[in-house]
Each structure stands twice: as C-alpha cells, then as structure tokens.
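A, B, ... follow the sequence lines: proteins, then strands. Residue 1 opens every chain.
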2 protein chains.
Amino acid sequence: MATSEASPAGSAESMEIIAQYFRILGDAQRLRILHCLQSGEHTVGEIAAATQASQSNVSKHLGILRANGLVGRRQDGNRAYFGITAPFIFELCDIVCSGARQRLERERALLPANS
Amino acid sequence: MATSEASPAGSAESMEIIAQYFRILGDAQRLRILHCLQSGEHTVGEIAAATQASQSNVSKHLGILRANGLVGRRQDGNRAYFGITAPFIFELCDIVCSGARQRLERERALLPANS
DNA sequence: TTACTATATGACTATCCAGTTATATAGTAA
DNA sequence: TTACTATATAACTGGATAGTCATATAGTAA
C-alpha cells in the first residue's frame, strides 16, 4: 500500500511541492501584493492602486495566491477583501533579504577599493 | 542624486531582487541539487547520478545557482566540486515545508470525516 | 602526440506564464 | 427594471526558461 504519510524529505514529489511555493513567490507583482496585504485586509481596487497595476492583473494574481493558500477572501457587499493566511511568507522574505544583503557586502568587499 | 543605500523595503526594484531568489528556488531539479549538496561538496557527475539527471542538465543548473551566489565551485584536477555558499536556503525550505504541512492539516480538518 | 574523462556551452524546442483586452458576473442604488 | 461599481475570467500574445543534443574545452594518462 502507498504510504499515507508525507513524502520523504528529498523525494522528487516533495521537491516539486516546495518548488511550487517558491515559484508563487518568484514574481515581483505578487510580492508587491503580499507586501500591501501585510498592513491588513484590502480590496482588489485598493491593491491595484497601491501596486499600480490593472484590476484584472491584481485579480488574477490574487486568484493564484488564494489557490495556493497564501491569502484568503472575504466578500462584503460589492467588494472582496483579501488578507494574508500564511504569515510565514514574510519570514521567507526577511531571510532572503538579509541573505541578499550579505551577498552584496561580501561582493563589495572583494571589489577594488572604491570606498 | 540617487541613494547609495539599499532600495526601500516595498519598492519595485527590491521586490524584483527578492523575487529573483525565489525564482531560482522555484525549480524542483535545482532543489534536488541543493539538497544533494547539503551533505557537502560534490562533483557534477556525482550530483547527476544522485538526482538522476543528465550531466549537461546539472551543469547548467549549477551555473545558474553559482551566478546567483547560492553555490561555489572549486576545481580539482579533472573535476569541479560544488558546495553551498548560502546556507539560508535550507532555512527557507524548512519554513516552506512546515507551512505546507500546516496547510495540509488545516485542509484535512475541513474535509468530511474520512479518518 | 592520442585517447579518455569531466565539465561547460551553444542551438534548438517545447512549455509555462505574466500581462492585456474584452467580456461576464454580481452586488448596489436609482 | 436600468445604470453603475467591483470583481472575475476567457482568449490571446510575447517573453522567459527548462530540457536535450551536439559540440567545445580542458585536464589526465598512456
């Protein structure tokens, strides 16, 4: 019988699952949307204005984020309010951010003396 | 004059930089390679065997990982040894992993009673 | 030198996906 | 009802990229 447990750590399937999450986060516009939602729930229109994107663009990205469990949707009258459901994404961003900073510093240290 | 500092937290440019890191990690084969390197340095051939991929496939992915500062290369005679230079990627994977697990549990709890 | 092994890379193809436009759906208000 | 607003979505297009194959490069060994 197949295991009813999660895939083993290094398996091809589990890697694909993890990669899928990273792929979702690998788009600047989606990151902008998530960043916007960090301050709390917002409507599609608000997000579109904040990220300077079209309504249909934002709606599409929100659909992807929601399908992958990163945001949630609440309808109120005419509008749809979206909010973060997976706060761990901000941990990810923080780690990447400091990782990128470290790399820049390391590379700067290797460069000829400009400053 | 332009700022000589890093981009502001929510700026379009900084989002693109972060997204780029996630995009690099958003490929299962690259994750497999990184997972393989978690146990220490390995040659291209060793990685190819471990991940069941072609030599040229692995070499190409290693080039991408190296160009983005995630792995380093050391040549020894005929072979090239690659190793992790950005251990924070494993933190990222761990966080994503537990996030994914939580989501599965949450969804399982919402499903009709099968077990 | 030649032969062999290990790695890198150019060219090509197929696939995926972000963005746009136009349209559909649905709630509100007159 | 009609008109308006907010959101979702189908269809299309262009660009990015993963995989493969063939070839180039380079180190080793005879």
*asked:* Do B:His61 and B:Asp27 have side chains that approach each other closer than 4.5 Å (heavy atoms only, starting at C-beta)?
replied: yes

_Show, in sequence, the C-alpha distance, side-chain angles and deciding distance for A:Leu25 and A:Leu34, and conclude whether the side-chain contact (heavy atoms from CB on, under 4.5 Å) test is met._
CA-CA 9 Å; A:Leu25 298 174; A:Leu34 293 170; 3.7 Å; yes

*B:Leu92 vs A:Phe22 side-chain heavy atoms within contact, under 4.5 Å*: yes

*same_hphob_cluster(A:Val96, A:Phe90) at 4.5 Å side-chain heavy-atom cutoff*: yes

_Under 3.5 Å donor-acceptor, B:Ser59 side chain and B:Gln55 backbone_ = no

*Interatomic distance, A:Ile47 atom CD1 to A:Glu41 atom CD [nearest 0.5 angstrom]*: 10.0 Å

*Do any N or O atoms from the side chain of A:Arg30 and from the backbone of A:Ile24 form a donor-acceptor pair under 3.5 angstrom?*
yes

_Residue pairs passing the side-chain hydrogen bond (donor to acceptor under 3.5 Å, both in side chains) test where at least one lies in residues 75-89 of chain A, sequence neighbours excluded_ = A:Arg73-A:Gln75

*Flag the pair B:Ile95 / A:Ile95 as yes when at least one side-chain heavy-atom distance between them is below 4.5 Å, and no otherwise.*
yes

*Look at atom CD of A:Glu107 and say whether more than 12 heavy atoms of other residues, nucleotides or ligands are closer to it than 6.0 Å.*
yes

*Contact boundaries on DNA chain D for chain A, cut-off under 4.0 Å to non-hydrogen atoms*: D:dT5 to D:dA11

_As a check on the pairing definition, encode DNA chain C in dot-bracket form, counting Watson-Crick and G-U wobble pairs whose two distances are under 3.5 Å, and using | for partners outside this strand._
||||||||||||||||||||||||||||||

*Does any N or O in the side chain of A:Asn68 come within less than 3.5 Å of the main-chain N or O of A:Leu70, such that one atom is a donor and the other an acceptor?*
no

*B:Tyr81 OH to C:dT7 P, straight-line distance once rounded to whole Å*: 8 Å

*Is there side-chain contact between A:Arg23 and A:Glu16, with at least one heavy-atom pair below 4.5 Å?*
yes

_Rounded distance (nearest 0.5 Å) linking atom CD of B:Glu105 with atom CG of B:Leu110_ = 12.0 Å

*Contacts to DNA chain C from residues 45-55 of chain B, heavy-atom cutoff under 4.0 Å, which residues?*
B:Gly45, B:Gln55

_Taking any heavy-atom pair under 4.0 Å as a contact, classify B:Phe82: base, sugar-phosphate, or nothing._
sugar-phosphate

*Output the residues of residues 25-44 of chain A in contact with DNA chain C, where contact means a heavy atom of the residue under 4.0 Å from an atom of the strand; sort by number or write none.*
A:Asp27, A:Arg30

*Side chain to side chain, B:Gln38 and B:Ile84, heavy atoms closer than 4.5 Å*: no

_So if I take residues 61-77 of chain A and measure heavy-atom distances to DNA chain C, which residues fall below 4.0 Å?_
A:His61, A:Ile64, A:Gly77

*If you round to the nearest 0.5 Å, how far is CG of B:Leu31 from OG1 of B:Thr51?*
12.0 Å

